[in-house]
Amino acid sequence: MRLFDAHDHLQNYPSDAAEAAAMAAASAAGVSGMLCCGTGPDDWGRVLELSGRYPGVVPAFGLHPWFGAEEGWLGRLEEFLRRVPGACVGEIGLDGVKGVAGQEADFCAQLELARQFARPAAIHCVKSWGRMLELLNAAELPCFMLHAYGGSPELVKAFAELGGYFSFGGELKDPKREKLRAALAAVPPERLLFETESPEGDEPGWRSGPAGVAEVVEIAAAALGRGAEDLAELSAGNAERFLSGKR
Ligand SMILES: [Zn+2]
């Protein structure tokens, strides 16, 4: 099975040993690649280093809506994007619960960089779906990923038309998340991605690092009534297309 973890934070493992163990398990599970998302200037260097250490780790650089940064961060982000041609922009976004003041201006400035550099963007969105749609409509990106998609099934079509990919994680397993599974079913198959958000929420035997994307794919496959191998292959191909900046 060929698997791609569309969203994780490898840089947040507490030690080199924990990170190496997670990567060995991922490799044994068939995870051939992942998008490792930075969250601010303090971790971009580490994200870049990890992408050099492990084949298949694609870096993303961005300022997360939960965090502020010192003046000059946008210029530094531009430098990272210039220096690493294969990098995505992320994790960026809007958060209606935990976002810092100024998050929308920061998000828009980063969308503009993604547009200028023609890079795919990895986007976080919590309770800001209407505004997100307006901003992405204006941003004219080649493509973007809504990570841990939590919007309504009805909004899927509008985001897809703007170049949206949709990534789903372990929340699909929650019996109470009927609406989430309806959103999953509404996504055009060629825009489906799966993720772990590791190491956040890693638990023994479940969401165990990037390897856990295998179980996410199995759960999604069962919800969609299709084979897990087939869905893994489809989403790995989608990830390649996303990373190359194509819809
Ligand atoms: Zn994240």
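Ligands are counted one by one from 1 in listed order, and the atoms in each one are counted from 1 as well. Note that these values count all heavy atoms, side chains included, but never hydrogens, waters or copies made by symmetry. Numbers here simply count residues along the sequence, with the first being 1.
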Please answer whether the main-chain N or O of [Y] pairs with a side-chain N or O of [X] as donor and acceptor at a distance below 3.5 Å.
X	Y	value
Ser51	Leu48	yes
Ser152	Leu155	yes
Gln103	Asp95	yes
Trp44	Leu77	no

N, O or S of [X] under 2.8 Å from the Zn ion (ligand 1):
X	answer
Asp8	no
His7	yes
Glu197	yes
His9	yes

Problem set entry | Shortest-distance N/O/S atom, Glu91 versus the Zn ion (ligand 1) | OE1
Problem set entry | Salt bridge present between Asp174 and Lys179 (N-O < 4.0 angstrom) | no
